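Here the structure is laid out as structure tokens; the discussion comes afterwards.
Nothing fancy with the numbering, it's 1 onward along the sequence. Side chains are part of it too, since the values below use all heavy atoms of this structure and drop only hydrogens, waters and symmetry mates. Bear in mind the structure is a predicted one, so any value in this text is a computation, not a measurement.
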Amino acid sequence: MGAGVTGTGTAWQLAEQGHSVLIADPLLAQPIPDKPADRDLNGSTASLGVLMGHAFRRSSGRAWRLRQRSMTLWPSWVEQLNHPESPLHLETPLIQLAGSAEEALRMQQLTSTKPNSGLHFIDDDSLEQADPVWPQAGHGAMLSENDGRIDPLKLLQALRRSLVQHNVELRATDVVELQRRSSSHRHHWQLINADGRNEDVDLVVICSALGSTKLLQRLGHQRPMDAVLGQVLELQLNKQAKQWSGWPAVLTCGGINLIPHGQDRLWIGATLEPGVKADSAATETMRRLNGLAPAWLEDSCLLGQWHGLRARPRERPAPLLEELEPGLLLASGHYRNGVLLTPATAEWVGQHINKAMITSS
Ligand SMILES: Cc1cc2nc3c(=O)[nH]c(=O)nc-3n(C[C@H](O)[C@H](O)[C@H](O)COP(=O)(O)OP(=O)(O)OC[C@H]3O[C@@H](n4cnc5c(N)ncnc54)[C@H](O)[C@@H]3O)c2cc1C
């Protein structure tokens, strides 16, 4: 259930493993757009696709393990999904500007404790001469060679193409209810669909972000999630950038990502706004980079903007990867890192299903 990046990536991996897969989501009625538009967006189509797996302050624990695993899997995902009809590649590197002396110190400690992770601290004197110049915090920066970005729309297009190739059944409908069914020899599930075509399946994987809570509630599982809205702006520079010389694929400044594209365009995002209503003051603050915006950024003109919702689990760490009962898996609530964590999520689901099949046989 759910054809955002998590559900589509998981469906593809399960089909690759030889399972017979059906994926349901009303958004499957539409093709994946080439550009984000401010309508009918799920979290995935609104996303920036930043993959920040190595530049992570921790070196142990579940969140770190999931990031590490995803970053290991991403190159082979891209290799398998890349196709002339849906070209895909990873854009690297990522540079994170230090906002204070303390942050610079933390970055230096991180780079020295992870010598083989492609992380390097760059002091202010050695910062590259970029055109246009970077916002300058004056405390140096951390370069992550292997972090960067994947275009989320191209990724979704490539995944959709692969689903069709694997004969995955695409059902453009909302699942309105999940019902347990059992006979003398097996337990299974019935999907009650809004299109009236109900479906019996052996196993359900719920990847429907904010849409997961209501369905689970009816089954007696409480997994509340809060919406956190994110806005993105597309800007055009008044002066033409020299092919963004000296710029990384992603520049992060105070938690805001600057992503150059084309000759003179830039995506900037994303805001973190509790709830479902976009606030124009939040985009203004973001555009000014909390006072660090260089003149060329202030002078740029707004070409477009969009927003989407992230699903943040309440009182539980993101993401929610759980087997709630036999044949019912939850892989949702990825909050700010759903694109990054998709390969590790799909692998977790695949391993659970294979384990369940061995146990039941
Ligand atoms: C502006 C913005 C920028 C972001 N930037 C990044 C980033 O740089 N890197 C990163 O890793 N993450 C980023 N994220 C977060 C990331 O987009 C999400 O974590 C991720 O998209 C979650 O994917 P998903 O497939 O779980 O959910 P979604 O993409 O929200 O998809 C859920 C799908 O479930 C469907 N659905 C809901 N209910 C039902 C139902 N009852 N039956 C059938 N289908 C249903 C919906 O129609 C929807 O298509 C960003 C998010 C936003 C909003």
Side-chain angles (χ1 to χ4, degrees), residues 1-14 22-30 32-33 36 38-50 63 66 70 150 152-153 155-156 159-160 163 170-178 191 193-194 204-219 221-232 269-278 306-324 328-346 348-349:
M1 277 180 48
V5 68
T6 315
T8 318
T10 300
W12 170 59
Q13 281 295 285
L14 294 179
L22 174 150
I23 181 165
D25 188 323
L27 292 188
L28 285 167
Q30 306 162 19
I32 305 291
D38 206 12
R39 62 175 170 85
D40 290 341
L41 292 183
N42 55 19
S44 305
T45 46
S47 160
L48 289 167
V50 174
L66 287 171
S70 264
I150 191 158
L153 298 179
L155 170 65
L156 284 164
L159 283 168
R160 278 258 189 117
L163 294 189
L170 310 183
R171 293 286 297 277
T173 180
D174 249 321
V175 178
V176 290
E177 194 181 344
L178 295 169
L191 309 184
N193 296 330
V204 181
V205 188
I206 301 182
C207 301
S208 42
L210 293 165
S212 312
T213 306
K214 209 165 78 184
L215 289 159
L216 288 172
Q217 228 164 16
R218 289 181 166 207
L219 292 166
H221 302 288
Q222 308 305 327
R223 293 294 181 277
M225 296 184 217
D226 295 311
V228 179
L229 185 138
Q231 298 190 68
V232 178
T271 59
L272 276 175
E273 303 170 51
V276 297
K277 218 166 156 276
W306 70 86
H307 64 263
L309 298 179
R310 312 169 181 95
R312 181 173 60 184
R314 204 178 297 163
E315 289 163 16
R316 287 172 196 260
L320 300 174
L321 301 180
E322 296 178 71
E323 184 174 23
L324 295 170
L328 183 66
L329 296 182
L330 175 63
S332 210
H334 286 73
Y335 188 34
R336 298 177 74 179
N337 292 299
V339 182
L340 165 63
L341 298 181
T342 288
T345 299
W348 178 88
V349 172

Stepwise side chain to side chain contact (heavy atoms under 4.5 Å, CB included) test for Leu22 and Leu191: CA-CA 11 Å; Leu22 174 150; Leu191 309 184; 4.2 Å; yes
Residues Leu215, Met1; criterion side chain to side chain contact (heavy atoms under 4.5 Å, CB included); working and verdict: CA-CA 11 Å; Leu215 289 159; Met1 277 180 48; 3.0 Å; yes
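Within the 3.5 Å criterion, the main-chain N or O of Gly4 finds no donor-acceptor partner in the side chain of Ser44. Under a 3.5 Å cut-off, the side chain of Thr10 and the backbone N or O of Thr6 do form a donor-acceptor pair. Without hydrogens or angle criteria, Trp306 side chain to Ala46 main chain gives a donor-acceptor distance under 3.5 Å.
Rounding to the nearest 0.5 Å places NE2 of His334 at 8.5 Å from CG of Leu320. Atom CG of residue Leu27 and atom OG1 of residue Thr173 lie 11.5 Å apart, to the nearest 0.5 angstrom.
Under the side-chain hydrogen bond (donor to acceptor under 3.5 Å, both in side chains) criterion, Arg223 pairs with Glu322, not counting sequence neighbours. Residues satisfying the side-chain contact (heavy atoms from CB on, under 4.5 Å) test with Ala172, not counting sequence neighbours, are Leu28, Ala29. Residues satisfying the salt bridge (Lys or Arg N to Asp or Glu O under 4.0 Å) test with Glu177, not counting sequence neighbours, are Arg218. Here Ala331 pairs with Val205, Cys207, Leu321, Thr345, Val349 under the side-chain contact (heavy atoms from CB on, under 4.5 Å) rule; sequence neighbours left out. With sequence neighbours left out, Asp226 forms a side-chain contact (heavy atoms from CB on, under 4.5 Å) with Arg314. Ser208 is linked by a side-chain hydrogen bond (donor to acceptor under 3.5 Å, both in side chains) to Ser212, counting only residues two or more places apart in sequence or in another chain. Shown here are the side-chain contact (heavy atoms from CB on, under 4.5 Å) partners of Thr8, two or more places apart in sequence or in another chain: Ala3, Ile23, Leu156, Leu159, Leu163.
Taking all atoms of both residues into account, the shortest heavy-atom contact from Gly333 to Met225 is CA-SD, 3.7 Å. Taking all atoms of both residues into account, the shortest heavy-atom contact from Trp348 to Glu323 is CH2-N, 4.0 Å. The shortest heavy-atom contact between Ser47 and Pro152 is O-CG, 3.2 Å. Here the closest non-hydrogen pair linking Ala344 and Leu66 is CB-O, 3.5 Å. Arg160 approaches Gln30 most closely through the heavy-atom pair NH1-O, 2.9 Å. For the pair Pro224 and Thr213, the tightest heavy-atom approach, listed with the atom from each and the gap, is CA-CG2, 3.9 Å.
Within the 4.5 Å cutoff, the side chain of Ser70 has no heavy atoms near those of the Asn337 side chain. The side-chain heavy atoms of Leu324 and Ile206, taken from C-beta on, include no pair separated by under 4.5 Å. When side chains are defined from C-beta on, Leu341 counts as touching Pro319, because their heavy atoms get closer than 4.5 Å. Proximity of Leu340 to Val50: side-chain heavy atoms (C-beta onward) are nowhere separated by under 4.5 Å.
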Atom pairs and distances, donor-acceptor, side-chain atoms in residues 269-276, under 3.5 Å, two or more places apart:
from	atom 1	to	atom 2	distance (Å)
Thr271	OG1	Gln231	N	2.8
Thr271	OG1	Glu273	OE2	2.5
Glu273	OE1	Gln231	NE2	3.4
Glu273	OE1	Asp279	N	2.8
Glu273	OE2	Gln231	NE2	2.7

